[in-house]
Amino acid sequence: MLEPIIIKDPKQKLSHVLPEIPTNMNLAKKLPGIGATHMEIHNKSRNSIIIEPNVPVIQGKCRKHNEHEYILCGVYEGKRTEDVVEYLSEERKYYKIMTTPESLPKVFSAAKKLNIDLFEDWFCLMDESHLLVKDVDYREDIVLPMSSFFQFRNKALVSATPIELSDPRFKEQGFELLEVVANYEYRYPITVMHTNNPFIHIREIIKKAERPICFFINLVDYCYSVIKELGIEDESSIFCAPKSQMKIKHDMTLGEDNGVNVYDEWREDRMNKYNFFSARFFSAFDMDLEYKPDVVMVTDVKKSVYTILDINTDCVQIAGRLRGGFNSLTHILTTDDAIASPKQSELEETIKLQENAYNYIRSLYDNAPSEIAKKILGETMRSNPFNNLIYPSGAKNYFAIDNYINEYLVKGLYQDYELIREAYMNSDMFIPKFKEHIHPYTEEDRLIVKRANYSVKQKRMKIVEILSKFELPYNQNDMAFIDEIRHIDPLIVEAFELLGKEAIEEMQFSSHAVQEAVILAKQSSDATLQLIKNSFRCGQKYKNTEIIKELTRIYELLKIYPTKTVRGETILQYFHARPCQIGKKRNRGYYLSNER
């Protein structure tokens, strides 16, 4: 490892301390936004191919670098080989091409047509190299350019959040690690909120918002559910991949009709009061704003493991997107003790055992005595997990192996809040402040109560379970939730308040039994007794018609709906009394002797 390069001032850029990115170098710049990519684009000593994992980065850089001398050729889906040929055919002092990994073959095809030797004469920079590991599990083609990358005489890797790479070709070609560090306070202050109900805190943040908010959530469906649930369609923008954009606009029937704006390319004029960014926008692209928004990152592992954010890569990259800074940075997260948390040595041993088993079956396959045996052994090989860690050629895919290990290690942190706390405390990029709020109910609990595909009994069981967890005095969120479920099922909430959990469970949540018990409880409640004793006096006679009229009035006043018809003898529930006749007409009634 080489002596680190030191940035002494926040205004300093990499070009102030390093003339150019050296070849066969893994540049760990640590600090986002110090201009590593910018320096290569403006390097006048060589032609360059810069490989960027995500299209928004290329689109943003091309908008910035469109002067004749510094014009940048962006190559990604939708761009043709002919476009690259046209760019390379124009007379320039030097050429700069920025391409996605998947579109790199177009660059090679164009160079071949023009007899340009890219491997010998051009410099290749793999930007955001950590994504070679982070994304390879769902985006296999991201590592396909690496075989070509190693053929360049001059090449380098760069990332603000580097991950150790195990591919032996780096060592074979003499790659060295060069760190860029700072001797000033560069860490980001962050509030780390552990909860079992992120939605409550998202709602509070939106309710209190005094400036635009940028939400970074690696699940577009989650973004959609937040927007829909809070009714903020007219004030929201979603930035995501084109396929997710189509899904939102069509499958979810979102789009122009209800005011939601969905984009696959970021521009400042598309920003809204509430802005939601998927993983496509987590790294590399520059968000230049005239204001400082609040930034909220969300990890809800109870909802989906796809929302997991790597504290040392994803969270750092997200914080670095706001080139002008942000007002506040928050990470709202849940944990799940069902998540496995293996050690790296255990993962490495697992892979080794899988590889041994795969190779053994492979040797049997190569020497299979029949086609049937070969077919069965081939199926067995393909079912071995190690099959996911090799290239189609059969060669070991070290990036996939690194991904396997990294993914388990990152996911394992979300098994326990203490592991998250430790990771943030050990990070050299954050100054964390920790908060924890565990609520009596989760968002999933709330949805069970609201969804039509659950039976009345299932919903009532869940409501009673939730209500039994609340502690007095209720806070504002508790009261809001109780009011919400009271609107959905007023009977069971009232029953819980009057009868309690055990009584309702003994009645097996039966509507008839619960209703009757509530009525009886209300009829004997303090308010009922006080009103009745205010209307009737001991030592007095009352006609049945008077008793019926007055008891009915009181019941209606208290919203009590008896299961049995109110009669004269109903007064016996409240007084010791005997039947009597009243007046010349000898009307039937009761003489009240004393209170019960």
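Just so it is clear, the structure is predicted and the values come from calculations on it, not from any experiment.
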Is the closest basic N to carboxylate O distance between R421 and D416 below 4.0 Å? no
Under 3.5 Å: donor-acceptor pair, side chain of D9, backbone of K11: yes
Relative to F199, does R446 satisfy both conditions: NZ or CZ under 6.0 angstrom from the six-membered ring centre, and within 45 degrees of the ring's axis? yes
d(E20 CD, N154 CG) to nearest 0.5 Å is 8.5 Å
Can you pull the salt bridge (Lys or Arg N to Asp or Glu O under 4.0 Å) pairs that have at least one residue in residues 325-343, sequence neighbours excluded? K302-D336
Measure up the Y184 and Y186 rings against each other and bin them: parallel (under 30°), tilted (30 to 60°), perpendicular (over 60°). perpendicular
H194-H201 aromatic ring centre distance below 6.0 Å: no
Is a side-chain N or O of N54 found less than 3.5 angstrom from the main chain of P56, in a donor-acceptor match? no
E185 CD: over 12 foreign heavy atoms closer than 6.0 Å: yes
Polar side chain donor-acceptor pair, D300 to T334, under 3.5 angstrom: yes
Please examine the side chains of F123 and F152, heavy atoms only from C-beta on, and report whether any two atoms are closer than 4.5 Å. no
Any chance you could lay out the side-chain hydrogen bond (donor to acceptor under 3.5 Å, both in side chains) test for H130 and T313, step after step, and finish with the verdict? CA-CA 8 Å; H130 64 283; T313 57; 5.7 Å; no
Return yes when atom OH of Y408 has more than 12 non-hydrogen atoms of other residues, nucleotides or ligands closer than 6.0 Å, and no otherwise. no
With a sphere of 6.0 Å drawn around CD of E346, does it hold more than 12 non-hydrogen atoms of other residues, nucleotides or ligands? yes
For salt bridge (charged side-chain N to carboxylate O under 4.0 Å, His left out), just list the numbers for K61 and D286, CA-CA rounded to whole Å, side-chain angles, deciding distance to a tenth of an Å, and then say yes or no. CA-CA 8 Å; K61 298 291 185 185; D286 301 337; 3.3 Å; yes
For Y424 and I190: C-alpha separation, side-chain torsions, deciding distance, then whether side chain to side chain contact (heavy atoms under 4.5 Å, CB included) applies. CA-CA 9 Å; Y424 265 110; I190 185 171; 3.7 Å; yes
Looking only at atom types and distance, does a side-chain atom of N426 sit under 3.5 Å from a main-chain N or O of A423, one as donor and one as acceptor? no
Between D445 and K450, does the salt bridge (charged side-chain N to carboxylate O under 4.0 Å, His left out) criterion hold? Intermediate values first, please. CA-CA 9 Å; D445 291 334; K450 291 182 68 176; over 6 Å; no
Is it the case that the ring center of F276 lies less than 6.0 angstrom away from the ring center of Y224? no
CA sep, side-chain torsions, deciding dist, call: L27, V180, side chain to side chain contact (heavy atoms under 4.5 Å, CB included): CA-CA 8 Å; L27 182 65; V180 181; 3.8 Å; yes
Test item: N397 side-chain N/O and F399 main-chain N/O as donor-acceptor pair under 3.5 Å: yes
For the residue pair S166 / D402, report whether a side-chain donor-acceptor contact shorter than 3.5 Å exists. yes
For Y263 versus S237, what's the shortest heavy-atom pair and its separation? CE1-OG, 4.0 Å
Could you please spell out the steps behind the ring-ring contact (aromatic ring centres under 6.0 Å, His included) verdict for Y95 and Y87? CA-CA 8 Å; Y95 299 86; Y87 172 79; 5.8 Å; yes
What's the separation between atom CE in M193 and atom CD1 in I205, rounded to the nearest 0.5 Å? 7.5 Å
Does E210, at its CD atom, have more than 12 non-hydrogen atoms belonging to other residues, nucleotides or ligands within less than 6.0 Å? no
With a 3.5 Å distance limit and no angle check, can you tell me whether T307 reaches the backbone of S304 through a side-chain donor-acceptor pair? yes
Where does the angle between the aromatic ring planes of Y441 and F481 fall among parallel (under 30°), tilted (30 to 60°) and perpendicular (over 60°)? parallel
Kindly indicate, with the supporting measurements, whether the criterion side-chain hydrogen bond (donor to acceptor under 3.5 Å, both in side chains) is fulfilled by Q173 and R169. CA-CA 6 Å; Q173 296 201 9; R169 289 176 291 184; over 6 Å; no
Criterion side-chain hydrogen bond (donor to acceptor under 3.5 Å, both in side chains) on N403 and K134, from CA distance to verdict: CA-CA 6 Å; N403 170 271; K134 300 293 291 185; over 6 Å; no
For residues 23-41, which residue pairs pass the side chain to side chain donor-acceptor pair (under 3.5 Å) check, not counting sequence neighbours? N24-K155, T37-D127, H38-H42, E40-R46, E40-S48
Is it true that R63 and Q59 share a donor-acceptor pair across their side chains at a distance under 3.5 Å? no
Quick one: do I308 and V410 satisfy side chain to side chain contact (heavy atoms under 4.5 Å, CB included)? Show the steps, please. CA-CA 8 Å; I308 284 179; V410 171; 3.8 Å; yes
Y306 and Y222: CA distance, side-chain angles, deciding distance, ring-ring contact (aromatic ring centres under 6.0 Å, His included) verdict: CA-CA 10 Å; Y306 293 113; Y222 198 104; over 10 Å; no
K433 atom NZ: more than 12 heavy-atom contacts under 6.0 Å: no
Could you label the plane-to-plane angle of the Y188 and F326 rings as parallel, tilted or perpendicular, counting under 30° as parallel and over 60° as perpendicular? tilted
Between H437 and T195, a side-chain donor and acceptor under 3.5 Å: no
Straight-line distance of I6 CD1 to E179 CD, nearest 0.5 Å: 11.0 Å
Closest heavy-atom contact between M39 and S15? SD-CA, 3.5 Å
Supply the atom-to-atom distance I50 CD1 to M126 CE, rounded to the nearest 0.5 angstrom. 12.0 Å
Side chain to side chain contact (heavy atoms under 4.5 Å, CB included) between N196 and T335, intermediate numbers included: CA-CA 8 Å; N196 63 335; T335 53; over 6 Å; no
Those residues at least two apart in sequence (or on a different chain) that pass salt bridge (Lys or Arg N to Asp or Glu O under 4.0 Å) with E204 are none
Side-chain donor-acceptor pair under 3.5 Å between T299 and H331, yes or no? yes
Nearest heavy-atom approach of F170 to M146 is CZ-CE, 3.9 Å
So which atom in P22 and which in A156 form the shortest heavy-atom distance, rounded to 0.1 Å? O-CB, 3.6 Å
Test log, rule side-chain hydrogen bond (donor to acceptor under 3.5 Å, both in side chains), inputs T161 and Q317: CA-CA 7 Å; T161 53; Q317 289 287 343; 3.0 Å; yes
Say whether D294 and S328, considering side chains only, have a donor N or O and an acceptor N or O under 3.5 Å apart. yes
For the residue pair E52 and T99, confirm or rule out a side-chain donor-acceptor distance under 3.5 Å. no
Mind checking the NZ-NZ spacing from K96 to K44? Nearest 0.5 Å is all I need. 10.5 Å
Flag the pair F215 / F277 as yes when their ring centroid distance falls below 6.0 Å, and as no otherwise. no
Rounded to the nearest 0.5 angstrom, the CD1-NZ distance for I438 and K469 is 11.0 Å
